[in-house]
Amino acid sequence: MKLKKISDITLKASCAALLALALILTFTVSDYYIFNRIGWFNKADSFNFFFVLSQWIKKAGLLLLPLAVFLNKKSCADIVKYVLPPFVIISFAAFGKFFDITSVNESSTPADLVYANINEFMPKAANMALFFISNILYLVICAFLFVRDGYKVNAKSFIWLPFAFVACAPLNIFENFFDINKISATSFLRFKNFTLWHFLALIILAGFTIGSYYFLRNKDKKTQDGFLIAAAITLLIQYHSKDSMVMGDGYNVYHTVFACIPLFICNIGVYIASISVILKKRVLYAISFFIHAVGALTVFIYFGKDEMSNYGIFCSYSILYFCLTHCLLFALSVLPTALGHYKFKFKDCLIPLGYYFGVIIVASISSALVSSASMDFTYNGYTLQDGEWLLPNYAFTQINPLPFDLPMVKLTIWKYDLNILYILGLYAAYVGLFFAFTGAYYAFLAIRKKVLERKAPQVAIRAMSDEAESEAAATEESEKHDETV
């Protein structure tokens with residue numbers, strides 16, 4: 001019994017360590033750089049197909065392993081202990097030039113070199129060490145799962161493998177089939193405000209959330225929790241893909257590791273919503289429902305002025321990443337309430353309002369500090385010039401997304417001037433949206449109650465009628481039986 005307890009503790013500690021290393025490794029250019037450069041051999045501009053596939057399978061493992069280890073999902077354990085080991089071994093042997101990846105090329109400007117020096121902060125030796133240690137942990141965890149669960153598997157378990165594979169798909173994979181630089185900025189394929197692709201994204205957001213609700217509503221609580229936690233882990237995996245992307249190919253208009261600091265409202269929401277379904281804490285549910293559901297929905301409806309975004313085509317990384325992460329964030333923010341895990345009450349607005357005010361203050365100060373610091377960034381004798389400085393725009397505190405400007409009421413933090421009037425207006429505007437969303441929620445509940453009250457008598461009458469018909473049929477059958485006797 002003692003040995004089993006030690007084995008279980010070691011299994012969980014190994015899984016936790018693997019997840020921590022996987023997070024750290026996302027802050028390397030190489031982590032996602034390979035997925036849009038797939039070839040059959042390690043060439044100058046491509047990476048071996050089998051190595052890339054092994055890395056993809058390992059990403060799926062980051063979804064399945066926590067479910068297998070911490071939630072004791074045997075179907076997930078069955079998959080990983082037989083599928084993961086061969087691909088981990090392939091990644092040991094076929095890494096090629098994986099650790100030498102850099103975003104620097106012959107066309108890089110002096111400013112690009114400054115930022116590349118910052119982005120590529122992890123030494124090659126550290127990258128290699130963390131990579132191989134994580135591979136060993138994959139194998140150790142699989143071995144302990146064999147010890148815990150034995151060698152027998154249920155063939156039905158492998159039904160979930162394609163779902164995990166798709167859920168953790170590297171979203172830049174489609175960029176193997178097109179070159180965004182060769183597609184016109186006015187092309188029909190470009191994703192912009194109020195285009196066909198924008199409306200399709202809104203339909204997918206609604207369809208995904210409503211579909212998830214109807215899929216889960218008749219499931220037992222344990223099953224619902226399992227699916228919500230799986231969605232939360234998927235969200236975290238896809239969210240952190242951005243770490244590597246911004247340092248390699250760039251995400252949207254962002255291209256430095258400073259964009260990975262989670263001070264955008266929806267970035268923080270990823271953690272709050274994910275942790276809320278894992279820990280099931282009322283205050284986290286309240287913040288997710290009152291703040292982050294509206295935040296995700298707002299930016300989905302309006303993406304901001306064109307100059308704020310570097311729009312790709314509908315299947316480019318920036319667009320797929322934005323749509324998938326915001327779909328999952330919105331769903332995770334509203335489903336616990338819709339499924340009855342948590343009932344939102346009006347008094348629950350107080351903590352979220354204070355939380356959002358704190359976020360705006362921290363985001364404003366951080367934006368100004370990063371911008372100010374970037375004015376002194378230097379590499380190889382070159383210092384960044386005006387126009388090359390960073391505007392991280394955390395929580396939209398630096399750039400007004402609306403098509404009109406506000407008067408400037410200056411507040412200088414270090415070397416950067418913030419518009420305090422705009423920031424206060426931003427807070428007030430979002431608070432208004434939060435209460436509007438909450439009002440819509442209560443209106444929906446009121447309408448639903450009225451509809452159910454109207455249906456209730458009809459259902460009762462129908463039930464009584466069915467009961468009477470059943471009794472009559474039973475009586476008639478009994479009389480026939482008596483006559484026969």
Side-chain angles (χ1 to χ4, degrees), residues 23 27 111 114-115 117-119 121 239-240 242-243 246-247 250-273 275 283-284 286-288 290-292 294-296 298-299 304-305 307-309 325 329 349-378 383-402 405-434:
L23 172 61
F27 292 98
V114 172
Y115 285 123
N117 182 57
I118 295 170
N119 288 339
F121 62 89
Y239 167 72
H240 280 290
K242 185 183 70 173
D243 304 338
V246 296
M247 295 184 287
Y251 159 67
N252 204 346
V253 297
Y254 302 103
H255 57 279
T256 75
V257 70
F258 294 99
C260 301
I261 299 172
L263 285 174
F264 296 92
I265 295 300
C266 291
N267 291 170
I268 306 172
V270 166
Y271 295 110
I272 297 292
I275 296 172
V283 66
L284 298 177
I287 292 171
S288 295
F290 186 66
I291 301 290
H292 295 298
V294 186
T298 303
V299 293
K305 295 180 287 190
E307 57 266 30
M308 289 179 62
S309 300
T325 53
L329 173 57
C349 298
L350 296 177
I351 292 177
L353 285 174
Y355 154 86
Y356 181 60
F357 183 77
V359 168
I360 287 290
I361 297 300
V362 173
S364 300
I365 295 172
S366 300
S367 296
L369 292 177
V370 170
S371 294
S372 299
S374 70
M375 297 175 188
D376 296 321
F377 286 167
T378 300
T383 302
L384 295 180
Q385 306 298 307
D386 188 5
E388 297 171 340
W389 302 329
L390 288 177
L391 287 177
N393 195 31
Y394 300 132
F396 295 108
T397 52
Q398 289 177 299
I399 303 173
N400 181 356
L402 299 173
D405 295 323
L406 291 174
M408 182 70 172
V409 179
K410 188 168 64 174
L411 173 65
T412 302
I413 296 180
W414 194 359
K415 303 175 184 178
Y416 187 82
D417 296 333
L418 290 169
N419 186 347
I420 194 67
L421 178 63
Y422 163 67
I423 291 170
L424 291 174
L426 179 71
Y427 177 78
Y430 264 101
V431 167
L433 289 172
F434 299 152

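- Residue Val299 comes nearest to Tyr430 through the heavy atom pair CG1-OH, 4.4 Å, listed as atom of the first residue, atom of the second, then distance.
- The aromatic ring centres of Tyr355 and His292 sit less than 6.0 Å apart.
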Side-chain donor/acceptor pairs under 3.5 Å, residues 363-373, sequence neighbours excluded:
unit_1, atom_1, unit_2, atom_2, d
Ser364, OG, Ile360, O, 2.7
Ser366, OG, Val362, O, 2.8
Ser367, OG, Ala363, O, 2.8
Ser367, OG, Tyr394, N, 3.1
Ser367, OG, Thr397, OG1, 3.1
Ser371, OG, Ser367, O, 3.1
Ser371, OG, Leu390, O, 2.7
Ser371, OG, Gln398, NE2, 2.8
Ser372, OG, Ala368, O, 2.8
Ser372, OG, Ile413, O, 3.4
Ser372, OG, Lys415, N, 3.0
Ser372, OG, Tyr416, N, 3.3

Inset, instruction - Please report the C-alpha distance between Phe27 and Phe121 in whole Å, then the side-chain angles of each, then the deciding distance to 0.1 Å, and finally whether the side chain to side chain contact (heavy atoms under 4.5 Å, CB included) criterion is met. - result: CA-CA 9 Å; Phe27 292 98; Phe121 62 89; 3.8 Å; yes

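- A donor-acceptor pair under 3.5 Å is formed between the side chain of Asn419 and the backbone N or O of Val409.
- Interatomic distance, Ser288 OG to Ile275 CD1, rounded to the nearest 0.5 Å: 9.5 Å.
- Heavy-atom minimum distance, Tyr422 versus Asn400: OH-CA, 3.5 Å.
- Judged as a salt bridge (charged side-chain N to carboxylate O under 4.0 Å, His left out), not a single pair has a partner in residues 416-433 (not counting sequence neighbours).
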Would you give me the side-chain donor-acceptor pairs under 3.5 Å for residues 254-269, sequence neighbours excluded?
unit_1, atom_1, unit_2, atom_2, d
Thr256, OG1, Phe258, N, 3.4
Asn267, OD1, Lys242, NZ, 3.4

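- For Ile351, the CD1 atom sits in a loose shell: 12 or fewer heavy atoms of surrounding residues, nucleotides or ligands are nearer than 6.0 Å.
- With sequence neighbours left out, Val253 forms a side-chain contact (heavy atoms from CB on, under 4.5 Å) with Asn310.
- In this structure, Phe290 and Leu353 have side chains that are in contact, with non-hydrogen atoms separated by less than 4.5 Å.
- Under the ring-ring contact (aromatic ring centres under 6.0 Å, His included) criterion, Phe357 pairs with Tyr427, sequence neighbours left out.
- A heavy-atom distance below 4.5 Å is not found between the side chains of Thr383 and Phe377.
- Taking all atoms of both residues into account, the shortest heavy-atom contact from Met408 to Leu418 is CE-O, 3.7 Å.
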Inset, instruction - Step by step, work out the side chain to side chain contact (heavy atoms under 4.5 Å, CB included) result for Asn393 and Phe396. - result: CA-CA 5 Å; Asn393 195 31; Phe396 295 108; 3.9 Å; yes

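- For Asn117, the side-chain hydrogen bond (donor to acceptor under 3.5 Å, both in side chains) test picks out no residue, with sequence neighbours left out.
- Heavy-atom minimum distance, Leu426 versus Ala395: CD2-O, 3.3 Å.
- Of all non-hydrogen atoms in Leu384 and Trp389, the two that sit nearest each other are O-NE1, 3.3 Å.
- Taking the six-membered ring for Trp and the full ring otherwise, Tyr239 and Tyr271 have centroids separated by under 6.0 Å.
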